[in-house]
Amino acid sequence: MEHLIEKAVWGIDKSHTSINFSISHFMIARVSGHFGDFEGTLIGSNDSFESVDLTIRAASINTNDVNRDNHLKTPDFFDVAQFPDIRFVSTSLEKISDNRYSIKGLLTVNGIEKPLTLDATYAGAFEHPVYKKMIAVFEVNAEIPRLDFNIGANYPGAALGEVVKLNSSMELALQ
């Protein structure tokens, strides 16, 4: 049975959250990776959510290749020295069905702010048996046009896909 929660702040549980991405590589392969350092909040209750604020530390990018990761941190991709954070702040959340949401907001990467829509599926909430805190669980997906944010602008679409696919599994704990 799901517990009823009044409007509240939910914080990302980093130990149970993954922010993953993939991109086409030479049109037939895919390169994937993840970000390891992030924080964020969700405001809302059970199935009535109002806002999302997520900050990702760009330097925490990991594609399982140290040389590639170091290159991704340069101005060619994510200029982490000048723009250390990737940020998403929602402007609206629309409930599409019982457990699906369309989250519109502003994504800032490399100092460039553009609108982005996230597709979120709410799996529900439960009381964690050990920590005795309510946990909300979401799957979040998006397609991000890399050139809109000057990510790899010098690399043609044949070498590096035009769209970065985001896939995230998030657990948020009631604060």
Examine the side chains of Ser22 and Arg30 and answer whether a donor and an acceptor come within less than 3.5 Å of each other.
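Side chains of Ser22 and Arg30: pair found under 3.5 Å.
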Does a donor on one side chain sit under 3.5 Å from an acceptor on the other, for Ser102 and Glu94?
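No, no side-chain donor-acceptor pair sits under 3.5 Å.
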Donor-acceptor contact below 3.5 Å, side chain [X] vs main chain [Y]:
| X | Y | result |
| --- | --- | --- |
| Arg100 | Ala120 | no |
| Asn110 | Phe77 | yes |
| Ser168 | Ser18 | yes |
| Ser60 | Gly36 | yes |
| Asp13 | Ala173 | no |
| Trp10 | Ala136 | no |

Ion pair check, [X] and [Y], cut-off under 4.0 Å:
| X | Y | result |
| --- | --- | --- |
| Lys73 | Asp79 | no |
| Glu39 | Lys14 | no |
| Asp53 | Arg87 | yes |

Heavy-atom check, side chain of Ile86 versus side chain of Phe78, under 4.5 Å
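Counting from C-beta outward, Ile86 and Phe78 do come under 4.5 Å.
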Are side-chain heavy atoms of Ile23 and Leu160 found at a separation under 4.5 Å?
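When only atoms from C-beta onward are counted, Leu160 and Ile23 do touch, with a gap below 4.5 Å.
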Search all heavy atoms of [X] against all heavy atoms of [Y] and return the closest pair with its distance.
| X | Y | answer |
| --- | --- | --- |
| Phe35 | Arg57 | CD2-O, 3.9 Å |
| Glu50 | Ser90 | O-OG, 4.3 Å |
| Asp69 | Asn64 | OD2-N, 4.0 Å |
| Glu171 | Thr17 | N-OG1, 3.1 Å |

Test log, rule side-chain contact (heavy atoms from CB on, under 4.5 Å), inputs Leu166 and Phe88
CA-CA 13 Å; Leu166 172 74; Phe88 179 82; over 6 Å; no
Does one hydrophobic cluster hold both Val109 and Tyr155, with members joined at side-chain heavy-atom distances below 4.5 Å?
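Linked within one cluster.
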Going from CD1 on Ile56 to CG on Asp85, what distance comes out if it is rounded to the nearest 0.5 angstrom?
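Interatomic distance, Ile56 CD1 to Asp85 CG, rounded to 0.5 Å: 9.5 Å.
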Give me the ring orientation class for Tyr101 and Phe49: parallel if the planes are under 30° apart, tilted from 30 to 60°, perpendicular past 60°.
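Tyr101 and Phe49: perpendicular rings.
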